[in-house]
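Worksheet: one structure, shown below.
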Amino acid sequence: MPEALSGSQILCRVLLEQGVDVLFGYPGGAIMPFYHALPEYPGLRHVLVRHEQAAAHAADGYARVTGRAGVCVATSGPGATNLVTGLATAHMDSTPVVAITGQVARPMIGRDAFQETDIIGITQPITKHSILVEDVEDLADAMREALAVATEGRPGPVLVDIPKDVQQAKAAWDGGRTGGQADRRPGGQGDGVYVPGVAQPADSSARPPTRPSALAEAVRLLTDAERPLIMAGHGIILSGAYEELRLLAERTGIPVITTLLGISGFPESHPLHLGMPGMHGEVHVNRAIQQADLILGVGLRFDDRVTGNLAAFARGAKVIHVELDPSEIGKNVPTEVALVGDAREILGELLAAVPPRDCEAWRAEITGFRRERQESYRGDLSPAGILSAIDRAADGHCTIVSDVGQHQMWVAKLYPYRRPNTHITSGGLGTMGFAVPAAMGAALARPDEPVWAISGDGGFQMNMQEMATMVQEGIPVKMAVFNNGYLGMVRQWQQFFHGRRYSATPIWSPDYVRLAEAYGIFGRRVERGDEVDDAVREAIARPGPALVEFLIEQEANVFPMIPPGASLSEPIEGEPPATRLVPA
Ligand SMILES: Cc1ncc(C[n+]2csc(CCOP(=O)(O)OP(=O)(O)O)c2C)c(N)n1
């Protein structure tokens with residue numbers, strides 16, 4: 001005799017069946033039946049956030065680390081709308097987040113009932129898929145579908161909206177299914193290490209083989225090009241193609257550029273690694289792009305922060321685009337050869353077919369463009385000094401989650417990522433407030449190493465309430481606040497392009513040390529370079545969450561910078577004259 005369960009119980013059972021172990025959420029009227037059932041399922045750990053936006057970002061951080069869906073839960077109306085920024089963030093960066101929202105009971109839908117919003121309508125453009133569950137009989141399969149759609153193919157957020165009476169209604173439990181969500185990354189936890197040797201071929205049985213003519217053409221181009229580059233994007237991390245990328249680069253001698261979301265997809269210290277391209281990319285990287293005759297783009301969408309003025313982007317280069325989502329092909333740059341499919345599989349195919357070469361002359365030319373960066377910044381209260389202290393203390397074992405702004409660019413460019421998927425940031429949407437909650441998700445998924453949330457004083461104040469969540473739930477996020485007294489990146493734009501008119505960018509901060517202490521968290525302020533290493537070590541040594549505020553130079557800028565709309569060949573490399581261009 002099949003068991004009769006409530007919709008809420010069925011939901012919990014499916015989540016467990018599908019391997020979900022953590023939920024980030026916040027209760028309210030329309031989701032109360034689910035919260036009523038939850039204590040019966042201790043295998044589902046619920047993390048009570050302090051704002052639903054944080055639930056979505058935490059689920060996103062968890063998903064980025066594990067490759068499995070991160071799940072967040074909210075009530076109808078304001079609870080659901082508070083998820084929107086987090087879902088849009090996950091959508092732009094192709095991460096598998098599943099949002100479960102309560103909805104008003106079916107007879108009330110469409111009547112402007114208390115806390116009714118059309119969350120499916122609101123989130124349609126920023127979700128991969130959404131489902132309103134209108135019948136309890138459909139609930140189990142709807143939830144399975146949501147988790148599958150979120151993780152399969154190009155990952156993305158999915159929303160499941162469940163009216164309160166559907167959560168309460170009873171149905172026969174189908175007994176469960178075997179097999180959980182897809183996790184395409186080798187190493188399961190997305191946590192592998194770079195190991196020398198031959199990559200295991202990826203399982204290519206799930207898709208038709210790459211069109212032989214396209215593969216042959218790509219191999220010909222890779223063999224004949226004189227100035228080839230590989231541009232590696234988020235697809236490397238999403239597909240776990242670290243080994244294939246490294247081996248392909250080593251076999252061909254082609255230098256590798258990693259986009260903001262591709263960072264940590266290739267070892268920073270590898271001799272073939274060039275750095276980050278685009279608006280704040282290194283000058284030698286952008287110069288190499290402009291002089292390349294071939295770009296092998298892997299798992300990226302050639303967005304405007306990467307390309308600058310499209311009309312002037314890499315005009316001498318043919319493009320081979322390896323991409324899972326066919327709608328990305330030719331969207332921004334003309335493509336000579338499209339290889340549509342999983343990055344790991346296609347790089348494996350290229351690796352098997354491409355003859356060895358070394359591109360020595362081209363690499364020597366690029367080396368000529370390069371300015372060596374200082375490797376050690378001991379005792380220095382600059383962003384580079386702080387990041388090198390974090391690296392020294394972590395000894396290669398830490399994950400960095402950055403917020404959005406100047407510090408994000410420093411974190412992208414200056415930290416020596418050694419292991420795959422150890423750099424997490426909101427690239428596409430550029431969501432301030434992301435770091436602290438996303439680091440909570442990452443820390444739960446990666447309990448064996450410090451997870452740092454690095455924020456500016458602006459972004460930190462957007463979600464600092466989550467310190468309470470960390471304390472209540474024992475989530476040991478280490479927080480670094482780069483306090484420059486400004487919304488730094490906007491201030492920099494004002495300095496460069498608005499005649500130094502600092503409109504609405506000076507930002508007051510509370511006393512972060514006392515704030516941390518009010519939450520029962522260790523806090524320390526660093527005002528001198530010789531305190532940096534000690535503070536970082538102390539934060540790591542303290543059990544649980546910890547906060548270190550670094551008082552950095554107030555008007556430090558991120559260099560180089562390509563002005564918005566300019567080409568990659570037009571970097572700003574130094575301070576602009578301190579003139580007022582805007583009439584007072
Ligand atoms: C939610 C949100 N609002 C506004 C912006 C626009 N924005 C981008 S960077 C930035 C300044 C960030 O300042 P802060 O957090 O102090 O970091 P800093 O740039 O100083 O390192 C702002 C306001 C944004 N990206 N996200």
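Since the structure is predicted, the reported quantities are computational estimates derived from the model, not experimental observations. Numbering of ligands and ligand atoms starts at 1, following listing order.
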Working to the nearest 0.5 Å, report the span between [atom1] of [X] and [atom2] of [Y].
X	Y	atom1	atom2	value
Asn463	Arg50	CG	CZ	12.5 Å
Arg419	Ser264	CZ	OG	9.5 Å
Ile454	Asp403	CD1	CG	10.5 Å

Element-labelled atoms of ligand 1 that are located less than 4.0 Å from some non-hydrogen atom of Gln406: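 Matching atoms, with element in brackets: 18 (P), 19 (O), 20 (O), 21 (O).
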Atoms in ligand 1 flagged as close to Met489, the criterion being non-hydrogen separation under 4.0 Å: 9 (S), 19 (O)
Verify the distance criterion only: is there a donor paired with an acceptor across the side chains of [X] and [Y] at less than 3.5 Å?
X	Y	answer
Thr85	Thr431	no
Gln103	Asp161	yes
Glu555	Tyr502	yes
Thr425	Gln408	yes

Parallel, tilted or perpendicular: ring planes of Phe496 versus Phe559, cut at 30 and 60 degrees: parallel
Which residue holds the protein heavy atom closest to [atom], what is that atom called, and what is the gap in Å?
atom	result
atom 15 (O) of ligand 1	Gly459 N, 2.7 Å
atom 5 (C) of ligand 1	Met432 SD, 3.5 Å
atom 13 (O) of ligand 1	Leu487 CA, 3.3 Å
atom 25 (N) of ligand 1	Gly430 O, 2.8 Å
atom 21 (O) of ligand 1	His407 ND1, 2.8 Å

Pairing of Glu282 and Arg287 as salt bridge, 4.0 angstrom limit: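 No, Glu282 and Arg287 are not salt-bridged.
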Taking distance alone, with no angle check, do [X] and ligand 1 share an N/O pair under 3.5 Å?
X	result
Met462	no
Tyr486	yes
Trp410	no
Val490	no

Proximal candidate to atom 8 (C) of ligand 1 [heavy atom criterion; set Ile507, Asp457, Val404, Val411]: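 Among Ile507, Asp457, Val404, Val411, the closest heavy atom to atom 8 (C) of ligand 1 belongs to Val404.
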Options Gly458, Gly405, Ala556, ranked by nearest heavy atom to atom 16 (O) of ligand 1, top entry: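 Nearest heavy atom to atom 16 (O) of ligand 1 lies in Gly458.
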Sub-4.0 Å heavy-atom contact, Asn484 with ligand 1: yes
Proximity flag Gly433 to ligand 1, non-hydrogen atoms under 4.0 Å: no
Atom OH of Tyr26: over 12 foreign heavy atoms under 6.0 Å: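 No.
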